[in-house]
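Comments concern the structure below.
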Amino acid sequence: MRATDLHDAINTYFDALYYCDISLLDTVFHPSASLFDVDEGKLLVDPIASFRQDVATRPSPASVKQSREQEVIMIDWLSKECATVKLRLRAHNSIFVDHLSFVKDADGWCIVSKVWHLERTV
C-alpha cells in the first residue's frame with residue numbers, strides 16, 4: 001500500500017535503500033518508473049526493474065550497521081499531487097544526490113522518475 005503523505009513516501013524510499021528491501025521499493029516506485037544518470041558525458045537510463053535487481057543483490061547498509069545519513073534538501077510542489085524532491089543519502093562509501101519526481105494518484109504517492117548523481121565517495 002502506498003503512502004498517503006509525501007513525507008511517508010520519502011521515508012519509505014530511504015528505508016528501501018537502507019535495508020535493500022525490494023518490497024518497499026515496489027511500494028514507492030511506479031512500475032513504469034525510470035532512473036537517469038550521466039557518466040562521463042553518456043546518458044544512462046535504467047528501468048525500475050534493473051534498479052530493483054541491483055538493490056536486491058547488494059548488501060544493505062543496515063547489514064553492516066552503517067549509521068543512517070540521509071536528508072531531504074528540498075521539496076518543490078508543482079501541485080497538490082505532484083512534487084520534486086531533492087535528497088542526499090549515503091549507501092556504504094557513496095554519497096548520492098537524487099531528484100525524485102513524485103505523483104499522487106488514488107493509490108497514494110509514488111516515484112515516477114529518478115535522476116541521480118554520485119556526489120562523492122567517503
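Remember, predicted model here, so these are calculated numbers, not experimental data. All values below come from the heavy atoms of this structure, side chains included, with hydrogens, waters and symmetry mates left out.
With salt bridges taken as basic N to acidic carboxylate O contacts below 4.0 Å, one links Asp26 and Arg52. At a threshold of 4.0 Å, the pair Lys114-Asp37 does not count as salt-bridged, since none of the basic side-chain nitrogens sits closer than that to a carboxylate oxygen.
In this structure a side-chain-to-backbone donor-acceptor pair under 3.5 Å is present from Thr57 to Gln53. Counting only distance, with no hydrogens or angles, the side chain of Asp5 and the backbone of Asp8 share a donor-acceptor pair below 3.5 Å. Checked by atom type and distance alone, the side chain of His92 never pairs as donor or acceptor with a backbone atom of Ser94 at under 3.5 Å. In terms of modelled atom types and a separation under 3.5 Å, the side chain of Asp105 and the main chain of Asp107 share a donor-acceptor contact. Side chain of Ser63 to backbone of Ser60: a donor-acceptor contact under 3.5 angstrom is found.
No option in Val85, Thr12, Val72, Ile75 other than Ile75 meets the side-chain contact (heavy atoms from CB on, under 4.5 Å) test with His7.
For the atom pair CZ of Phe102 and CH2 of Trp109, the computed distance is 8.5 Å after rounding to the nearest 0.5 Å. Atom CG of Leu78 and atom OG of Ser101 lie 8.0 Å apart (nearest 0.5 Å). Within the model, atoms CG of Asn11 and CG of Leu24 stand 11.0 Å from one another, a figure rounded to the nearest 0.5 Å.
Among residues at least two apart or in separate chains, salt bridge (charged side-chain N to carboxylate O under 4.0 Å, His left out) pairs with a member in residues 64-84 are Asp15-Arg68, Glu69-Arg90, Glu71-Arg88.
Under a 4.5 Å side-chain heavy-atom criterion applied to ILVMFWY residues, the cluster that includes Tyr19 comprises Tyr18 as well.
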Next item on the list: Run the numbers on Asp98 and Leu89 for side chain to side chain contact (heavy atoms under 4.5 Å, CB included), then give the verdict.
Entry: CA-CA 8 Å; Asp98 297 343; Leu89 63 92; 4.0 Å; yes
